[in-house]
Asker: 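This is the structure I want to talk about, given as structure tokens.
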Amino acid sequence: DAGVIQSPRHEVTEMGQEVTLRCKPISGHDYLFWYRQTMMRGLELLIYFNNNVPIDDSGMPEDRFSAKMPNASFSTLKIQPSEPRDSAVYFCASSLWEGSFYNEQFFGPGTRLTVL
Amino acid sequence: DQQVKQNSPSLSVQEGRISILNCDYTNSMFDYFLWYKKYPAEGPTFLISISSIKDKNEDGRFTVFLNKSAKHLSLHIVPSQPGDSAVYFCAASSNAGGTSYGKLTFGQGTILTVHP
């Protein structure tokens with residue numbers, strides 16, 4: 001199994017530019033999560049999907065952030081326009097509901113975003 | 001509002017000794033707790049979990065203790081090994097249903113360094 005795949009692994013852009021981060025979850029998983037990691041706030045949940053439907057986007061910082069999941073094998077997180085304070089590592093994770101308390105999430109390697 | 005807190009940003013221990021990582025939470029609805037380990041340039045990986053119906057769970061060198069009345073959990077690693085050096089994240093979940101299902105709230109992380 002390839003695990004969760006994220007691209008790009010590193011992104012450097014200038015303030016004001018649009019940034020698109022991509023994620024391919026583990027095949028068969030029905031939940032997909034987007035997180036942001038910063039030194040100050042640790043790992044923050046931005047949004048998550050169940051069966052391609054957004055369930056909770058209360059962590060999305062502002063309207064500049066948007067996420068989509070057009071099908072079960074692909075999701076994007078878009079920032080437009082980007083700002084220097086968006087610089088962070090963005091993780092995608094997926095999980096499978098198996099009717100128990102077990103909520104293990106499998107994380108991708110992350111995308112390190114730097115906005116100059 | 002940090003619902004899950006790891007108050008020690010870093011911990012340094014000698015190989016062979018015990019490592020104790022601590023985590024506090026404020027939300028009484030949390031009923032499932034997880035520890036994740038993260039190496040540089042990789043995504044977090046699941047380590048061990050505990051349900052609120054238990055107060056202890058062991059897996060090899062790793063033991064998690066839960067004190068519900070104090071809203072506190074800890075991860076013990078015995079004996080510590082240099083390969084354990086990583087960032088450790090505490091996470092909490094509520095299985096009350098609705099939009100809370102599947103959602104993990106993470107702490108800021110603790111950097112563990114195990115010296116040979």
Asker: Are more than 12 heavy atoms, taken from residues, nucleotides or ligands other than B:Gln81, located less than 6.0 Å from that residue's CD atom?
Answerer: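 Counting neighbours around CD of B:Gln81, more than 12 heavy atoms of other residues, nucleotides or ligands fall under 6.0 Å, so yes.
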Asker: With a cut-off of 6.0 Å (strictly less than), are more than 12 heavy atoms of other residues, nucleotides or ligands near NZ of B:Lys5?
Answerer: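 At most 12 heavy atoms, drawn from other residues, nucleotides or ligands, come within 6.0 Å of this atom.
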Asker: Any side-chain heavy atom of B:Tyr36 within less than 4.5 Å of one from A:Gln105?
Answerer: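 Result yes, sub-4.5 Å side-chain heavy-atom pair found.
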Asker: Tell me the closest heavy-atom pair linking A:Leu45 and B:Leu104, and the distance in Å.
Answerer: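 Scanning both residues completely, I find the closest heavy atoms to be CB-O, 4.3 Å.
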Asker: Under a 4.5 Å heavy-atom cut-off, does chain B meet the side chain of A:Thr38, its backbone, both or neither?
Answerer: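 Neither part.
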Asker: Against chain B, label A:Leu43 side chain, backbone, both or neither, depending on which of its atoms sit under 4.5 Å from a heavy atom there.
Answerer: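 Both parts, backbone and side chain.
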Asker: Would A:Leu77 and A:Val4 show up in the same hydrophobic cluster when neighbours are defined by side-chain heavy atoms closer than 4.5 Å?
Answerer: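 Result: no, two separate clusters.
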Asker: Establish whether A:Phe33 and A:Met60 are linked, either directly or via other cluster members, by ILVMFWY side-chain heavy-atom contacts under 4.5 Å.
Answerer: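 No; tracing contacts between hydrophobic side chains, which count when under 4.5 Å, never links both residues.
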Asker: So which part of A:Arg112 gets closer than 4.5 Å to some heavy atom of chain B, the side chain, the backbone, both or neither?
Answerer: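 No part of A:Arg112 comes within 4.5 Å of chain B.
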Asker: Tell me, side chain or backbone of A:Glu44 under 4.5 Å from chain B's heavy atoms, or both, or neither?
Answerer: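 Answer is neither: A:Glu44 stays 4.5 Å or more from chain B.
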Asker: Provide the closest heavy-atom pair for A:Ser58 versus B:Lys103 in the form atom of the first, atom of the second, distance.
Answerer: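 Looking at all heavy atoms of both residues, the closest pair is OG-NZ, 3.8 Å.
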Asker: Assigning hydrophobic clusters by single linkage (Ile, Leu, Val, Met, Phe, Trp, Tyr; side-chain heavy-atom cutoff under 4.5 Å), is A:Phe91 placed with A:Ile47?
Answerer: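 No; A:Ile47 is not reachable from A:Phe91 via cluster members.
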Asker: Mind checking the CZ-CZ spacing from A:Phe107 to B:Phe46? Nearest 0.5 Å is all I need.
Answerer: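 Going from CZ on A:Phe107 over to CZ on B:Phe46, the span is 12.0 Å.
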Asker: Please find the pair of heavy atoms, one from B:Lys38 and one from A:Gln37, that lie closest to each other, and give the distance.
Answerer: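 Distance-wise, the nearest heavy atoms are CE-OE1, 3.5 Å.
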Asker: Taking everything shown except A:Asp63 itself, do over 12 heavy atoms lie less than 6.0 Å from its CG?
Answerer: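 Open: at most 12 neighbouring heavy atoms sit under 6.0 Å from CG of A:Asp63.
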Asker: Answer yes or no: does atom CZ of B:Arg17 have more than 12 heavy-atom neighbours from other residues, nucleotides or ligands under 6.0 Å?
Answerer: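 Not more than 12 within 6.0 Å, no.
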